[in-house]
Asks: 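Got a structure for you, written out below as structure tokens; questions coming shortly.
Bear in mind the structure is a predicted one, so any value in this text is a computation, not a measurement. Numbering of ligands and ligand atoms starts at 1, following listing order.
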Amino acid sequence: MPRTDFVLLHAPSVYDFRSESILYGPVSDLVPSTPVFEMYPIGFTTIAEYLERHGFRVRVVNLAVRMLREERFDPETMIRNLNPAAFGIDLHWLPHAQGALEVASLIKKHHPDTPVIFGGFSSTYFHRELLAYPQVDFVVRGDSTEEPMRQLLTVLREGGDLSTVDNLTWRDPDGQVRVNRLAAPPETLDHVLLDYSYVVRSVARYRDLASTIPFKHWLDYPITAALTCRGCTYGCKTCGGSATAFQQLHGRSQPAYRSPQDLAQDLRSISRFSRGPVFVLGDIRQAGMAYAEEFLDAIKGFSNQVILELFEPASREFLQRVGSSLPRWTLEVSPETHDDEVRLAFGRPYKIADMERTMADALEAGCERLDVFFMIGLPKQTYDSVMGTVDYCAHLLKTYNRDGDTRLIPFISPLAPFLDPGSEVFENPAAHGYRFFHRTLEEHRRALVQPSWKYVLNYETQWMNRDQIVDSTYEAGLRLNRLKMEAGMVSAEVGEATEKRILKARRLVAQIDDIMTIGDEGRRAKLLRALKPQVDSANISTVCDKRELDLPLAGIKLNIPAAASLFLRSAWQRLSGNGRKAA
Ligand code: SF4
């Protein structure tokens, strides 16, 4: 096996998820991951590729996906057998707080002298607190850690002064926590390569596809993501990726955009090995209409399915422009609520009437599918308002899904399990009508092993307490599921199975509430353990069937010979010094 300098490990949200009895709730119904959040951040591939371009050998190991897919896979044995010069762990999304720290402990148990480096948004937010854990040696802060990580690995390999490494939080020899300067973040995304060629190369080099798969059913549904930018110009109140959060956490005053030509090239490169859909992350209009048009020109005629998202209503002309460029496109919009006042309080100041016009125009312009997302747990949102949103979904289905047309698909789910640290609501809860149960990293870590998602939730609002957030979620899920059955969008068999799961999850929440009133800890633990088989069966696809998210894919989905040739070409470019420009 080739020498490896750096292993990037992705942990499950809760390390012992295979033995713990935890009713996760609908926390991941609307993302490709399971509640274990096995999908690693896209930054893993950009960091790995950048470091490789600068002379380091990097391996990505998705422990979470291996633990999910292989009952007998022992993560501790794998960690023991890895022997790189340093380990990296992502704590990007806060739900990984427990799993990431457990994995770090296992590394220290077997490799006490090997540095353990944390990175990601949550690591950046909690960088000082992370250094209080003995299993964490370094935190690399910021939204673009490719270059700081290169600096750190260089100092670790060749010696040097740690205080010169940008964005680093570390302990000096006296045990004092040192916080280095936060370098200005890159103004563009020209320094990274986002076409997954690193992943293909890594699979070939380590002969290990199993550890590189991004999420559990990826081989059946190889969706990939392309990134338009880092940063955001919007200010949604609960989002840790908003403009203000980027400014405060990462020192970013405006987004760094991928050039439209490079973005189109990323999609074309992906299509050489995958026939799955490509999700273009970030509204392509954020950098202005000229950017959007340049991208649509460059991608014209692209044959894979492309998923675009809109952060606000769009003009009819724009949607027709999309329709004329992309033969197969899906649109995602997130009005979050039917109620304009609630949406305004959330930080999206547009009217539902304008978004509905956009939906109608998108359908007319030929989108293959239109996913419409609504959320629970918003400021000013009451239980009745949530039910009003479901009534609005009924209106949408009645108005647009007629004559066998089922392209418009509404979804509803809670903001769960955590509102993001760094978001406006997290920073100033009272001003927005929120109360938080967990504030510190340690409090979130402990919350993650609570027996039901009601206790894991880190917030409630002055309009809905935790019980009401849970109740309204299940009730909204039941009602929306019935609407979809009536509209012929899900079969009776699938719809009835979803209904049964929701009712079962509701019963389990009540049962767990009862058990939690028992004072005897041993008895409580025993009763919770006894519930595990039922809890496990209610954990996937709670408020909708997760497969509703997937676009239909026919035939061969991965093109293995093309992936091999992509690998050979990138190897040749590297050998001939013809690789992509370094930053
Ligand atoms: S939720 Fe709002 S603030 Fe966050 S990334 Fe999306 S548009 Fe930007």
Asks: Return yes if some donor-acceptor pair links the side-chain N/O of Arg141 with the main-chain N/O of Leu168 below 3.5 Å, else return no.
Replies: yes
Asks: Go through His96 and Asp90 one step at a time and tell me if the side-chain hydrogen bond (donor to acceptor under 3.5 Å, both in side chains) criterion holds.
Replies: CA-CA 8 Å; His96 287 99; Asp90 65 290; 4.7 Å; no
Asks: What protein heavy atom sits nearest atom 2 (Fe) of ligand 1, and how far away is it?
Replies: Cys236 SG, 2.4 Å
Asks: Using a 4.0 Å heavy-atom cut-off, say whether Cys232 meets ligand 1 through its side chain, its backbone, both or neither.
Replies: side chain
Asks: Nearest 0.5 Å, what's the CZ-CE distance between Arg348 and Met355?
Replies: 8.0 Å
Asks: Return the residue, atom name and 0.1 Å-rounded distance of the protein heavy atom closest to atom 1 (S) of ligand 1.
Replies: Arg348 NH2, 3.4 Å
Asks: Do the numbers put Arg258 on top of the ring of Phe295, so that NZ or CZ is under 6.0 Å from the six-membered ring centre and no more than 45° off the axis?
Replies: no
Asks: Students should be able to answer this: which protein heavy-atom is nearest to atom 4 (Fe) of ligand 1, and at what distance?
Replies: Cys239 SG, 2.3 Å
Asks: OG of Ser242 to CG of Asp420: how many Å apart, nearest 0.5 Å?
Replies: 8.5 Å
Asks: Check each heavy atom of Ser242 against ligand 1 and say whether those closer than 4.0 Å belong to the side chain, the backbone, both or neither.
Replies: both
Asks: Output the list of atoms in ligand 1 that are nearer than 4.0 Å to some heavy atom of Tyr234, sorted by atom number.
Replies: 3 (S), 7 (S), 8 (Fe)
